[in-house]
Number of protein chains: 2
Amino acid sequence: MATMHDVARLAQVSVSTVSYVLTGTRPISQATRNKVLAAMAQLDYQPNAMARGLASRRSRILGLLMPMDERGLGATETAFVTGAAAAASVAGYHLVLSPVGGGNLDDLRRLASQRMLDGVVLMEVQLADERVTVLQEAGVPLVLIGRTGDTSTLSYVDIDFDQTVREAVAHLVGLGHRRIVYVNHSAATLASGYGPALRTRDAFTAAMTGHGLEPVMIAAEDSAAGGRAALAAAFAQAPELTAVLAMNETAIFGILGELTGRGLSVPDDVSVVSMVTSPQVAELATPALTAMTSPGSALGRIAIEALTRHLDGPADHRHQQLLPCALEVRGSTAAPRRTALITPGPSSNDGG
Amino acid sequence: MATMHDVARLAQVSVSTVSYVLTGTRPISQATRNKVLAAMAQLDYQPNAMARGLASRRSRILGLLMPMDERGLGATETAFVTGAAAAASVAGYHLVLSPVGGGNLDDLRRLASQRMLDGVVLMEVQLADERVTVLQEAGVPLVLIGRTGDTSTLSYVDIDFDQTVREAVAHLVGLGHRRIVYVNHSAATLASGYGPALRTRDAFTAAMTGHGLEPVMIAAEDSAAGGRAALAAAFAQAPELTAVLAMNETAIFGILGELTGRGLSVPDDVSVVSMVTSPQVAELATPALTAMTSPGSALGRIAIEALTRHLDGPADHRHQQLLPCALEVRGSTAAPRRTALITPGPSSNDGG
DNA sequence: CCGCTTCGTCGAAACGCTTCGACGAAGTTC
DNA sequence: GAACTTCGTCGAAGCGTTTCGACGAAGCGG
């Protein structure tokens, strides 16, 4: 393995000159540059990452910290990762995926203190997330995918849940639906302070109320069985429901199965909208799901771009951005079969 | 950030003594060790990863090289990753996920030559995979998940496709099925030399022939639409089919949808078995899929363990292991409704 | 044409660790 | 008890870069 010394000797220049050619830190004449470049090519020289990292105090490695619990990554999270990896590569960084969950803060502290990571993107952020504190204390530059409760000092990229829910509800209401049930993540997830679950809950309440409709929300475990149970609960609470809105890529298949099992057809009897869903997953269902398509890879890409800009440029502070999900109408939504039969919700604010 | 010098000064020992306490390379008396440990704790000392890497010429970073094309990771690949990450963490290594596809061999060569990776696990291996050559030339220790054509010099962990297919076919034949169609990956994937697709094709042919049955294989694109098309093609080639075997987590949902669309019920009219599938995905379908459950995270774990053993221990050569998929019977398989009506295949070797 | 920048290059000192050789002190062997 | 080991520790030499200060050689204003 050739080193800088070898290159310098072959090109008949000093080691530092080779370094300047490589990094562009100081001007080098074209003639010298060419000699050095030729020597590098001839020796098939690659700079040693560790030495470079030690001397420059920058590893050019970025961390993507993700929970990776039991079930692994859904299509949406996967899209974050691929987007982030691509953007990191473009910016000349490597991307380390670290399965640092919420539990092992000590592992995280160790990782952060080892100076191996120039910066970090944090996924699946809770409203109160200790990992943020740990990383800030360790002085590691940080961008969130998601948001904590107080975002005043942080950079983040997140989905615009408010607008996403509003659009989804508007789509259904526009088709004539009045009894719409929202299937959220599990009660435990809500209780743990998981932002998306809480924000969509509030947004749904606001959107429905805005249309003069009663918001009904059901919490569902992230599984097909959870979806089935949730649908049963939904019918118990709102027997005349004609539409289901869900943000639970896994549960939604249980919902569809249970619907079929009850002899109800989608979308004729019940319309279904899946929020924050990838097209690939939406197409898996029969009929294909009308969905609010998550900005997936864009989120990862933007997070990395914000991070690298902060690291490379000097003072680029606080990138805060919300990305909407795009409504993609497929086969799972239609006008309700029997609009006339629907009893209006308790708040009938028609005619003022 | 405290350095080793700080620790040494505080503990009143030399720097090398601190290093020996840390690495255990040489014996250190209990008394000295305690002094050093106390100093470390007091200063909240963490060794600098770059300096350590430079001096020891080992980064303690492992690479997991995966294609990460358009569609991202399925549940099965995700399981590889989580298994690998966990095992790496246990062995005291970090795991870098690199989206180095088949195309950019130069990127791979650069990555390998930077001496940033102590070793590498290669996923989605083709029968003839240039990445293997590149890594071997760069002298990077290597373990495959999957197999190349010639495995004589390589370490690998792979699924035992032969046994998996044999078991799946046996399950269906045991239920009384005679006309079984195998839905494989796409023709392009087969042509590219993707091991699993080729091996299952051959194993299916062997298994069916062994039962005196005619093997019918259809290639399907990895999408719901591909599954639909494949089922149509299957019925065209074998109108009396009573069972579908598939190794295509995405297409299988299209197959189920198309079956329903044709008014055929699963499993009464057609049984469906999904091979190399995670339980989570199998449960998403209605009815839940009888599947050959992929050893998922075990594959990733074993690959990393083999790699770290090779790196840490001196001469532990060539770990080669095949893991079977386990049959898990769910709701998508049953005895065929009308066994009697089935025309026997061309080779009716009953009664010999 | 004298003093001043700017340009292009060099040598050497870090960066924070591992590892090698050395060396007293203590323990073993015959 | 002389000759060896082994144990525990130290000092110093790297590991392969980056980066800082220095220094001739040009270029330039007055």
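In what follows, chains are A, B, ... by sequence order, proteins preceding strands, each numbered from 1.
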Can you measure Arg9(B) atom CZ to dG16(C) atom P for me and round it to whole angstrom units?
12 Å
Considering only heavy atoms from C-beta outward, does the side chain of Leu111(A) approach that of Leu117(A) to under 4.5 Å?
yes
Does Gln12(A) CD have over 12 foreign heavy atoms under 6.0 Å away?
no
Produce a footprint string for nucleotides 11-16 of chain D: one letter per nucleotide, 5' end first; B if the base is under 4.0 Å from any protein heavy atom, S if only the sugar-phosphate is, - if neither.
BB-BBB
Set of ring pair (Phe, Tyr, Trp, His ring centres under 6.0 Å) partners for Tyr45(A), sequence neighbours left out:
none
Output a table of nitrogen or oxygen pairs between the protein and nucleotides 22-24 of chain C separated by less than 3.5 Å.
from	atom 1	to	atom 2	distance (Å)
dA22(C)	N6	Arg26(B)	NH1	3.2

How many Å lie between CD on Gln12(B) and C1' on dG8(D), as a whole number?
17 Å
Distance-only donor-acceptor check, side chains Ser14(A) and Thr17(A), under 3.5 Å:
yes
In whole angstroms, the gap separating C1' of dT19(C) from CD1 of Ile28(B) amounts to 13 Å
Under 4.0 Å between a side-chain N or O of Ser19(B) and OP1 or OP2 of dT18(C)?
yes
Under 3.5 Å side-chain donor-acceptor pair for Ser16(B) and Ser19(B)
no
Are side-chain N/O atoms of Gln126(B) and Thr148(B) paired as donor and acceptor at under 3.5 Å?
no
CG-CD distance between Leu142(A) and Gln136(A), expressed to the nearest 0.5 angstrom
6.0 Å
Check whether any side-chain N or O of Thr23(B) sits under 4.0 Å from OP1 or OP2 of dT18(C), and answer yes or no.
no
So do Met116(A) and Asn48(B) actually touch side chain to side chain, heavy atoms under 4.5 Å?
no
In whole angstroms, the gap separating C1' of dC17(C) from CZ of Arg115(A) amounts to 16 Å
Spacing between Gln30(B) atom CD and dC7(D) atom C1', to the nearest angstrom:
14 Å
